[in-house]
Each structure stands twice: as C-alpha cells, then as structure tokens.
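Encoded as structure tokens, the structure appears first; notes follow it.
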Amino acid sequence: MKNFSINHRKVETYDVLELTGELDAHTASQLETKLKRLIDQNQHHIIVNCEELDYIASAGLGVFMAYIEDVRTLGGDIKLTNMNPKVYNVFDLLGFPTLYDIVQQEEDAIKKFEQDESN
Amino acid sequence: MAKSTATYKITVPASTEHLAEVRSFVADHATNSGFKENEVADIRLAVDEAYTNIIKHAYNNDKQKSVDIELGYDNTEFWVALLDTGDAFDPQRYDKPDIRQKIKEKKRGGVGVYLIRKLMDAVEYQTDDAVNTIRMTKKK
C-alpha cells in the first residue's frame with residue numbers, strides 16, 4: 001500500500017521536497033532517506049512543500065527534529081510551506097512554529113533564505 | 001440519558017504497515033458517531049500515536065504480536081482502547097516536551113504521550129493479567 005510519496009525538484013539553488021499523502025511511523029523512513037541523501041550531497045537549503053500532505057503523526061515530526069540541527073550547522077535550513085490547517089495544528093501543538101520557519105508559500109521560504117544569507 | 005450503542009473491535013498485527021488501516025477504522029466510527037472533522041482528526045492522531053508506541057515500545061517491533069483495538073460511543077462520549085501483551089507502559093509524566101532541547105540533542109520521539117493527552121479528554125493506562133490497556137475518551 002502506498003499512501004505517501006515525495007517529489008524532488010530544484011528551484012534555483014533550492015531543493016524542494018513535495019510531500020503527498022500521510023506521513024506516519026511507516027512512511028517517515030522515506031522522508032528520512034531523502035533528507036539524509038540531500039545532506040550527504042551537501043544540499044542543505046531545503047524547502048518542504050506540504051500542500052498535498054494530508055496527515056502527519058509525531059514520527060513524521062521526528063524526522064524534522066532529527067536533522068534540523070545538522071542542516072543548520074552546515075549553514076542551511078529546512079523551511080516548511082503550504083501546510084493545511086490540520087497538519088499545521090500538529091506542529092503547533094508541540095511548539096514548532098517558534099523553532100522552524102513555517103511559511104505560506106515557497107516564495108516566502110526563498111525570501112527567508114535570502115534574508116538568512118544577508119544576516 | 002446516555003444510550004449505549006454497539007462496540008466495535010479489530011485485531012491487527014503490531015506493525016506500522018497497518019497504521020493507515022487502524023486510522024481509517026477509528027476515523028470512520030468517530031465520523032459516524034457525529035464528531036466534526038477536526039475532532040475526528042484528533043481521535044485519529046491519538047490512536048495512531050498509541051498504536052505506534054505499542055509497536056515500538058511494548059513489542060519492540062515484533063510483527064508476530066498483535067494489538068486489539070476496541071471502540072464504542074454513545075451520545076455523550078467516544079472511547080477507544082488499545083490492548084497489548086507486551087512491556088507495560090504507564091507514563092507518570094506527560095509534561096510538554098522541550099522540542100528545542102530535543103533538536104539540540106538530535107533526539108526524536110517521546111512526544112506521542114503528550115499529544116495523546118492534548119487531543120483526548122481522558123487517558124487511562126491499566127495492566128491486568130499481563131494485558132496492557134490504554135483507554136482514551138473524547139467527550140461530545
């Protein structure tokens with residue numbers, strides 16, 4: 001059964017991961033593999049577009065928790081965009097919005113990255 | 001007066017492969033019981049977290065084991081119970097996890113119990129004759 005997928009595309013120098021479906025303890029390993037590969041390839045300006053993400057459980061949040069420090073240490077970030085209210089609510093319950101950039105659109109994430117660079 | 005309705009039960013292997021099936025089972029009944037979409041989402045996530053905890057912690061990812069999931073509702077509340085025969089788990093502490101600290105230590109996990117408490121109105125853990133039960137209730 002396949003209820004989760006990731007589409008990877010480049011926007012300028014940024015790596016965009018589009019998540020589709022349900023991210024839980026079963027599917028989280030797919031995201032983990034993808035993120036690890038990007039970090040190994042020195043790609044650490046990552047945008048995760050959640051527009052088609054219908055559901056997230058804490059195992060999904062755990063992947064972001066496990067890798068954000070590595071990515072930031074390398075001078076990059078993982079920015080999250082286009083979340084539906086139900087998915088945002090789960091991030092919000094745990095206080096993620098003060099620790100992660102969660103923005104409306106991909107362009108907003110790119111602007112944030114540009115601001116980060118100029119700081 | 002609260003009127004009892006039928007209860008429902010499924011038994012599933014202790015494997016994350018069955019998470020989607022368990023979520024659908026619970027969400028369908030929560031919807032039928034009259035909850036709004038966001039309340040159904042709360043129940044679905046709470047059950048996902050409880051089932052995932054059993055798979056990982058009670059059974060240590062042993063797919064040969066199984067989990068019973070029972071639920072029922074009346075016009076005042078919806079309850080759902082997960083039963084396992086693995087290692088007992090009764091979290092005494094369920095403070096809000098410090099995500100900032102976890103990130104620093106590259107730790108994940110340990111947030112499911114807190115989420116369950118936030119999403120449901122009552123959560124009880126019980127162990128009788130080597131059967132562990134987590135019973136969660138959401139009021140209407």
Side-chain angles (χ1 to χ4, degrees), chain A residues 1-5 20-33 35-36 39 44 53-74 76-80 83-102, chain B residues 12-24 26-27 36-61 63 67 94-120:
Chain A
M1 189 175 55
K2 189 132 174 79
N3 60 352
F4 179 72
S5 64
T20 299
E22 301 184 327
L23 185 53
D24 61 18
H26 192 59
T27 57
S29 59
Q30 288 179 54
L31 177 60
E32 175 151 15
T33 303
L35 275 180
K36 252 199 228 162
I39 295 165
H44 28 71
L53 185 66
D54 301 319
Y55 175 83
I56 190 163
S58 71
L61 300 182
V63 178
F64 297 113
M65 289 163 64
Y67 291 97
I68 191 79
E69 191 74 4
D70 286 343
V71 170
R72 285 180 179 162
T73 304
L74 292 163
D77 199 12
I78 301 171
K79 300 190 193 294
L80 302 149
M83 254 180 222
N84 77 41
K86 245 189 288 177
V87 168
Y88 180 82
N89 183 47
V90 184
F91 280 88
D92 194 34
L93 280 171
L94 290 164
F96 273 62
T98 58
L99 302 168
Y100 290 76
D101 278 330
I102 302 176
Chain B
V12 285
S15 163
T16 56
E17 285 162 45
H18 295 272
L19 269 166
E21 174 191 342
V22 166
R23 286 196 298 267
S24 297
V26 173
K36 292 196 289 269
E37 203 186 328
N38 61 327
E39 295 164 324
V40 173
D42 288 352
I43 295 170
R44 180 169 45 206
L45 178 56
V47 171
D48 178 317
E49 298 292 341
Y51 178 45
T52 299
N53 277 345
I54 290 171
I55 293 167
K56 290 189 178 170
H57 303 301
Y59 287 140
N60 209 7
N61 296 302
K63 292 182 185 181
V67 182
Y94 42 89
D95 298 340
K96 185 167 185 176
D98 185 344
I99 303 294
R100 190 183 298 273
Q101 189 60 30
K102 283 180 184 287
I103 286 171
K104 219 175 265 173
E105 295 168 4
K106 298 178 195 175
K107 278 191 183 156
R108 69 183 84 189
V111 304
V113 172
Y114 172 78
L115 277 180
I116 293 168
R117 298 268 179 189
K118 286 286 278 191
L119 298 165
M120 302 299 280

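The chains referred to below are lettered A, B, ... by the order of the sequence lines, with proteins before strands, and numbering in each begins at 1.
- The contact between A:F96 and chain B is made entirely by side chain atoms (from C-beta outward), counting heavy-atom distances below 4.5 Å.
- B:Y114 and A:L93 get closest at one heavy-atom pair: CE2-O, 3.6 Å.
- Contacts between B:L119 and chain A at a heavy-atom distance below 4.5 Å involve the side chain alone, from C-beta outward.
- Counting heavy atoms from C-beta outward, A:Y100 and B:I103 have side chains that approach closer than 4.5 Å.
- Between chain A and the options B:V111, B:I55, B:D48, B:T52, the largest number of non-hydrogen pairs under 4.5 Å is found for B:D48.
- Pairing each heavy atom of A:M65 with each of B:G109, the nearest pair is CE-N, 4.4 Å.
- The candidate with the highest count of non-hydrogen atom pairs below 4.5 Å against chain A, out of B:K104, B:E49, B:E37, B:R44, is B:E49.
- Within the 4.5 angstrom heavy-atom criterion, only backbone atoms of A:I56 (N, CA, C, O) approach chain B.
- Heavy atoms closer than 4.5 Å to chain B are found in the side chain of A:I68, but not in its backbone.
- A:Y55 pairs by the ring pair (Phe, Tyr, Trp, His ring centres under 6.0 Å) definition with nothing, not counting sequence neighbours.
- Distance check, rounded to the nearest 0.5 Å: OG of A:S58 to CD1 of B:I116 gives 8.5 Å.
- A:G95 approaches B:K96 most closely through the heavy-atom pair N-NZ, 4.2 Å.
- Nearest heavy-atom pair, A:E22 versus B:R23, reported as atom, atom and distance to 0.1 Å: OE1-NH2, 2.7 Å.
- In this structure, CG in A:L61 is found 7.5 Å from CD1 in B:I99, a value given to the nearest 0.5 Å.
- With a threshold of 4.5 angstrom between heavy atoms, B:L115 approaches chain A through side-chain atoms but not through N, CA, C or O.
- Judged as a side-chain hydrogen bond (donor to acceptor under 3.5 Å, both in side chains), and not counting sequence neighbours, the contacts of B:K106 are A:D70.
- Of the two parts of A:L99, only the side chain, counted from C-beta on, holds a non-hydrogen atom closer than 4.5 Å to a non-hydrogen atom of chain B.
- Residues A:T27 and B:L19 are not in side-chain contact: their nearest non-hydrogen atoms beyond the backbone lie 4.5 Å or more apart.
- Note on A:G62, A:A25, A:P85: by heavy-atom pairs under 4.5 Å with chain B, the leading option is A:A25.
- Heavy atoms of B:K118 lying under 4.5 Å from chain A belong exclusively to its side chain.
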